[in-house]
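The structure appears right after this line, and notes come after that.
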Amino acid sequence: MKKELPKAYEPSKYEDGIYKKWEKSGLFNPDKIPPTPFNKGGVLDKRKSYTISMPPPNVTGTLHMGHAVMLAIEDILTRYHRMKGERALWVPGTDHAAIATQTKVEKELRKEGKDRHKLGREKFLKEVNKFAQESHDTIVNQIKKMGSSCDWSREAYTLDEVRTRAVRTVFKMMYDDGLIYRGERIVNWCPRCHSTLADDEVEYKEQKAKLYTFKYSKDFPFTIATTRPETKLGDTAVAVNPKDERYKKYIGKEYEVDFVGIKLKLKIIADREVDMEFGTGALGVTPAHSMIDWHMAEENKLDIIKVIDEDGNIREGFDPFSGEDVFRARKMIVNKLKKDKLLEKEEEVDNKLSICYRCDTPIEPLPSLQWFIDVHKKIKRRGNKSIKELSVDAVKKGVFGRDKINIIPTRFEKNYFHWMDNLRDWCISRQIWFGHQIPVWYCGKQAQTIKKMGFAGDIVTQVFDTKTRTYRLRDHGIKVGDIVAFEDSAKKIIFGQGTITEVSVINVGQINLKDKKHWKTYEKREELIAAFKRHHPEKKINNNTKVWIYTYKFDNNLLSKGCGTTIVDIEAPKVCPSCGKKENLIQDSDTLDTWFSSGLWTFSTLAQKPDQIKIKDGKLVIDSEDFKNFHPTNVLETGYDILFFWIARMIIMTTYAIEDIPFQDVYLHGLVKDEKGKKMSKSLGNTIDPLDMIKKYGTDATRLSLVIGSTPGNDMNLSEDKVAGYRNFANKLWNISRYIITNYELTITNKEINQNNLTSADYWILLRMCRLIILVKVDLDNYRFSQAGERLREFTWDDLADWYLEASKFEQTKEKEKILAIILNDLLKLWHPFIPFVTEAIWKELGHKDLLMISRWPDENYYTKIQYENNVAGFNATTFIVKAIRDARAQNKVEPAKKIKAVIYAGKNKELIESQAELIKSLRTGINELEIKDEGPKIKDAIYITVGEIDIYLIGAVDEEKEKERIKKEIENLEKVIKSAKMKLGNKEFVAKAPEKVVNMEKNKLKKAENELKKLKK
RNA sequence: GGACGAUUAGCUCAGCUGGUUAGAGCACUUCGUUUACACCGAAGGGGUCGUAGGUUCGAAUCCUACAUCGUCCACCA
């Protein structure tokens, strides 16, 4: 079977073809793995299963190094367990990534001059889905490029039909259990995204801010300090520390003040959280626009006055500040305070600005009507524990009869507990369109469309041309007759009532204000006209004054007809269960936080059809074979940066919904940074694109560079050089195989070796292989990928290529072919999970018909049966002697081409060394004549080497000076060893307390070194 | 403010429960066309393991401070 192979391995010529072959074989699907010669039939059905859910990349994303690490590690695990004969399933999928995707599409639309509000929900979602589909194909192809052996037949998407069913079912369960509630709470609001954000979606940016110290009014007794004077328009209290002597006397008192023209009622309250050192030690409480203040207001039953609207502008009713954005309002207020001589101080302080993690826009805390998950409510059906308690227990001690979830590295468990302890109710509603629309329907009253109006004429273009105008039209809590979102420059008034739940313009039309036929549905026309006159005294209303009508969707619409029932269900209700009518049903327009659906990922992906997902006895049941076979998953592997975002939420959702853990182990990899340790980012231009690396150096090299030289949970710095280094390794493995394949007839049908025909080198490599198999198994079972990889590399390059193969060139024995075949086959298997392509390519060249991918993992028992004892010493000695001779020659500057004579005094090892004579001569020692004796006289004018009890003389090449130097250095080294050993052995306590093994080791070391030293000094 | 991580050769990093003369890869120096591989081979130089204490017969490894860098969490009125 001797054959020709190309000299260098070119990954690009093999990889795509190999992946296609794998895919075509269908064997990524564990149900399809047939019995093979390596994986004998019968074991198939009862095999242990092994499952990993792939953290779904965003549909609109492209592959980056983070994905590459994730894919490399998970593929290693999957391939390893598959080869061990387990039913290994790796479920791939993608995430719709609500806000991220919507933002991306909106950006694209804006380039074309389009806007989602103009398109309307339906058309916009069509656009998003189109974009998502295209993007999906890109990311999937990139995942394949990485060699990922995931089962594409089970691919899932967080927004597909089955997953939607899971989301709605869990939502309903939680609602029925009273865990999901709707309420007006202060939330993190992004005025750009126009949506709420979860607590952990808020990021902070260091900045300088001005801290203003002032009095509300002349008659207020003391000063307060704030960086946000504009919010003070909504102050309803002033908080001081109860211990603060300065303010004790005021606590409990109430003041009415005129703050820059706005009347405020302020109660002085005490709160321990107030820092006496900060500012004046007194803090104005703005319940509507600060998280802390909101809680103070709850405790002290304070009024809540909203100042800022959802566009980040001052609301109606705060003239002259109304309609101004927060920055302008701040300036105006500060100027007014200055003018009134109320401003005492203006100083610069360090401040952290909260910003949106998606778009960096400053966050406004706002009270808003939203859906929440109660994390504290005890659930009867779950042992009267809250979801928070269940999630803590799952990691602390295990729940539902499962072992505790292990987080690797364990130090992250601490982070997890800390996060869980501080978890507040989770706001799950988002005011965006792309995502799982909340499965809640209102009958009439609760939600209906209502018309809003703006004046037309010269302002038409303004209203329609800028996004901000449209955004301004939205607001909360509008009552009948209210004039909302009033803005002077836009010159428009809007009329309506209720809470807007949707911001799309459903209908736009122009009517004439005085023309009565347009006012059939509005009896408040006169009121509207009056309002308009108030705001625009200069405008005359005549028969030609036209008004734009915006039709918006509202809640609590008095003008609507329905019965007001709220319905939470899995499917859209056909009729209202309360009034039996269908025409007034409207679905809540909010969508769910994307992590709600990803929280269900490990089990929702194991359902194939929506009707397999059911509620049974207050528990979610997935009635599928896959769920029975593959859940809980074995390991969840991902970057530590989404421990809270995702992992914690999966634990929350899974323990609650199905009364089980989502996974047994969590393996957290570090983040990939550039070679200087900086975070990779497009703006810094320091990204290394995994696809570039794959193109240039191959997938195998890219994978190795991400796996070797890194430890779990620690960031790694990646440079192109590193990848190139592993490209070299892949080529090395190729050439090792090439050499063996082209020089030997490899037979693999019979693995029985005749031990009588083995050389010492054969035993030596078999023993090392034996150790390798055992250790790599332990490493992989304990997620020590780097260590396993290094061991494999060392064996392949050092032991096999540099020693055994070199020796084999001079040892043409009967069993050589067989041993080489065994070693190479097993080595390819051990390497396969790490570098699947090159190993599969070589495997084919070896003449295998079956895929390496499904071959059986090497069996250590085969190797442990071999009689190594007394058989490896010969080659072991050879390696030492050869190294010593090469070293001595190099130090003496003996030309490599120069052949010399060597004499070895081997003592009692004479026979052993004699058996190695050919190898000692051949392994690049440049020895043409070798004499081996048991002992003899010292030889002058020769290079003298001592290796333990063996003395070697190299004759006819000595360079006196250099040799002296070399001997001197040798002596120094030995003296160092002797000194340290003597110190230890001279210490009575060491001899008494250290384990015998350690003491003996020291003794032997000393004896050997002293012996060598004695000989050198002679 | 709290927590966590890092600090080991010029660079990137290993070093698992304390016992090696402290390792690897890259880079560097010298040499080399040898039945696979120059994406190669042989040999070599290079580290008082951040600092200071402590525990121990013995510390890169455990403990305590400190320093520097980094990350996360909370707060910043």
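First the proteins, then the strands, lettered A, B, ... as listed; each starts at 1.
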Applying side chain to side chain contact (heavy atoms under 4.5 Å, CB included) to A:D781 and not counting sequence neighbours gives A:Y80, A:K84, A:K777

Residues passing the salt bridge (charged side-chain N to carboxylate O under 4.0 Å, His left out) test with A:R771, sequence neighbours excluded, are none

Taken in chain and number order and not counting sequence neighbours, the residues that satisfy side-chain hydrogen bond (donor to acceptor under 3.5 Å, both in side chains) with A:N406 are A:D665

Across all chains, not counting sequence neighbours, the side chain to side chain contact (heavy atoms under 4.5 Å, CB included) partners of A:D959 are A:N892, A:E961, A:K962

Across all chains, not counting sequence neighbours, the side chain to side chain contact (heavy atoms under 4.5 Å, CB included) partners of A:N987 are A:E989, A:F990

Between the protein and nucleotides 23-27 of chain B, which nitrogen or oxygen pairs come in under 3.5 angstrom?
none

A:N973 CG to B:G45 C1', in whole Å, measures 13 Å

Sorted by position of nearest nucleotide on RNA chain B, 5' first, the leading residue of A:T226 and A:M1001 is A:M1001

(Q) Between B:G15 and B:G19, how far apart are the two P atoms, rounded to whole Å? (A) 14 Å

Please enumerate all protein N or O atoms sitting under 3.5 Å from an N or O of nucleotides 34-37 of chain B, with distances to 0.1 Å.
unit_1, atom_1, unit_2, atom_2, d
B:U34, O2, A:R924, NE, 2.7
B:U34, O2, A:R924, NH1, 3.4
B:U34, O2, A:R924, NH2, 2.5
B:U34, N3, A:R924, NE, 3.3
B:U34, N3, A:R924, NH1, 2.9
B:U35, O4, A:K809, O, 3.0
B:A36, O3', A:R738, NH1, 3.0
B:A36, O2', A:N735, OD1, 2.5
B:A36, O2', A:R738, NH1, 2.6
B:A36, N7, A:K809, NZ, 3.1
B:A36, N6, A:E806, OE2, 2.6
B:A36, N3, A:N735, O, 3.1
B:C37, O4', A:N735, OD1, 2.9
B:C37, O4', A:N735, ND2, 3.3
B:C37, O2', A:N731, ND2, 3.2
B:C37, O2, A:K732, NZ, 2.8
B:C37, N3, A:K732, NZ, 3.0

The correct list of stems in which RNA chain B takes part (3 or more consecutive Watson-Crick or G-U pairs, distances under 3.5 Å) is B:1-7 with B:67-73, B:10-13 with B:23-26, B:28-32 with B:40-44, B:50-54 with B:62-66

Taken in chain and number order and not counting sequence neighbours, the residues that satisfy side-chain hydrogen bond (donor to acceptor under 3.5 Å, both in side chains) with A:T236 are none

Here the distance between atom C1' of B:C16 and atom CG of A:D781, to the nearest Å, is 15 Å

>> Taking A:G709's backbone N and O only, do any of them form a donor-acceptor pair with A:S786's side chain (distance below 3.5 Å, no angle check)?
In response: yes

Discussion item. Is A:N717 close enough to B:C13 that one of its side-chain N or O atoms is under 4.0 Å from OP1 or OP2 there?
Written reply: yes

Per the under-4.0 Å heavy-atom filter, residues of residues 694-704 of chain A near RNA chain B come out as none

A:P229 meets the side chain to side chain contact (heavy atoms under 4.5 Å, CB included) criterion, sequence neighbours left out, with A:Y212, A:T226, A:R330, A:I333, A:V334

Contacts of A:R784 meeting salt bridge (charged side-chain N to carboxylate O under 4.0 Å, His left out) (sequence neighbours excluded), chain-then-number -> A:D779

